[in-house]
Q: 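Take this structure, written in structure tokens, and hold onto it; I'll ask about it next.
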Amino acid sequence: MKLGRLNHIGIATPSIADSIVFYRDVMGATQICEPFDLPAQGVKVCFVDTPTVSGMNGTQIELIEPLGENSSILGFIAKNPQGGQHHMCYEVPDIYAAKAWFESQGKRVLGEPRIGAHGTLIIFVHPRDMGGVLTEIMETPKGTH
Ligand code: CO
């Protein structure tokens with residue numbers, strides 16, 4: 001598998017509105033996208049950009065708030081009421097090759113490739129097989145970098 005850039009770090013939060021205030025006023029973020037719902041994943045999402053350096057897009061912070069009663073992150077928020085680091089997301093050129101690669105090593109891929117928050121295919125790999133880190137793998141958006 002060809003490892004690409006660290007696209008984003010997922011941060012679960014009980015309130016995207018409160019987290020936006022934190023990233024803007026405490027962390028000094030100036031590029032904060034409008035939050036949007038991702039019902040298929042049961043989350044509301046908001047991207048906070050870090051600066052572009054040497055023509056490369058900066059790694060983003062992906063704020064995720066539970067959406068609906070079956071949200072995949074309700075359990076995480078129950079265990080971490082303040083929210084916290086939820087996952088890391090790396091880009092790859094080919095999601096199906098990446099899925100086959102992880103499975104060939106006995107890593108548990110959670111579900112089939114599906115469209116993620118950036119509009120490209122994603123998978124998640126079980127944290128217990130990944131050094132304790134829930135790992136998202138996404139296909140690099142076309143036309144970037
Ligand atoms: Co993500």
Side-chain angles (χ1 to χ4, degrees), residues 1-24 26-53 56-103 105 107-145:
M1 190 192 71
K2 189 170 184 301
L3 179 66
R5 66 190 275 277
L6 178 63
N7 181 279
H8 65 263
I9 296 168
I11 306 285
T13 173
S15 166
I16 280 181
D18 290 349
S19 292
I20 287 174
V21 172
F22 170 80
Y23 279 94
R24 187 189 63 211
V26 178
M27 299 302 289
T30 56
Q31 299 272 26
I32 301 176
C33 306
E34 198 58 37
F36 59 97
D37 292 350
L38 207 59
Q41 320 274 357
V43 289
K44 180 189 279 272
V45 180
C46 173
F47 285 106
V48 177
D49 292 353
T50 65
T52 297
V53 177
M56 288 279 285
N57 288 342
T59 295
Q60 292 177 307
I61 306 299
E62 179 189 46
L63 300 172
I64 48 176
E65 178 188 309
L67 176 73
E69 311 211 330
N70 300 316
S71 173
S72 56
I73 62 168
L74 279 174
F76 185 93
I77 293 292
K79 274 186 241 156
N80 306 274
Q82 278 196 295
Q85 188 179 325
H86 181 261
H87 66 272
M88 309 274 277
C89 179
Y90 300 92
E91 293 180 14
V92 296
D94 181 334
I95 199 77
Y96 292 98
K99 179 173 185 278
W101 167 255
F102 285 117
E103 286 175 339
Q105 300 194 64
K107 309 298 185 191
R108 282 167 286 181
V109 172
L110 306 169
E112 290 302 310
R114 56 200 177 276
I115 297 291
H118 289 81
T120 68
L121 289 168
I122 62 143
I123 53 173
F124 281 93
V125 190
H126 201 294
R128 291 215 185 102
D129 297 339
M130 301 295 281
V133 180
L134 176 60
T135 302
E136 181 180 1
I137 303 293
M138 71 178 270
E139 233 172 62
T140 302
K142 303 286 180 245
T144 59
H145 326 303

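All ligand and atom numbering here is 1-based and tracks the order in the structure. The model shown is predicted, which means the values in this text are computed figures rather than measured ones. Side-chain atoms are counted along with the backbone in the values below, which use heavy atoms only and exclude waters and symmetry mates.
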Q: Passes side chain to side chain contact (heavy atoms under 4.5 Å, CB included), I20 versus C46? Steps please.
A: CA-CA 8 Å; I20 287 174; C46 173; 3.8 Å; yes

Q: What pairs of donor and acceptor atoms, side-chain ones from residues 64-76 against any protein atom, are under 3.5 angstrom apart with sequence neighbours left out?
A:
{"unit_1": "E65", "atom_1": "OE1", "unit_2": "I16", "atom_2": "N", "d": "2.7"}
{"unit_1": "S71", "atom_1": "OG", "unit_2": "G42", "atom_2": "O", "d": "2.5"}
{"unit_1": "S71", "atom_1": "OG", "unit_2": "I73", "atom_2": "N", "d": "3.2"}
{"unit_1": "S72", "atom_1": "OG", "unit_2": "Q41", "atom_2": "O", "d": "3.2"}

Q: Does L6 offer a backbone N or O that forms a donor-acceptor pair with the side chain of T59 under 3.5 Å?
A: yes

Q: Under the rule for ring pair (Phe, Tyr, Trp, His ring centres under 6.0 Å), what residues qualify as partners of H8, not counting sequence neighbours?
A: F47, H87, H118

Q: Just list the side-chain donor-acceptor pairs under 3.5 Å for residues 121-135, sequence neighbours left out, or say none.
A:
{"unit_1": "H126", "atom_1": "ND1", "unit_2": "R128", "atom_2": "N", "d": "3.0"}
{"unit_1": "D129", "atom_1": "OD1", "unit_2": "R108", "atom_2": "NH2", "d": "2.9"}
{"unit_1": "D129", "atom_1": "OD2", "unit_2": "R108", "atom_2": "N", "d": "2.7"}
{"unit_1": "D129", "atom_1": "OD2", "unit_2": "R108", "atom_2": "NE", "d": "2.9"}
{"unit_1": "T135", "atom_1": "OG1", "unit_2": "V133", "atom_2": "O", "d": "2.9"}

Q: Listing by chain and number, which protein N, O or S atoms are under 2.8 Å from the Co ion (ligand 1)?
A: H8 NE2, E62 OE1, H87 NE2, E136 OE1

Q: Taking T120 for the side chain and E139 for the main chain, is one N or O donor matched with an acceptor at less than 3.5 Å?
A: yes

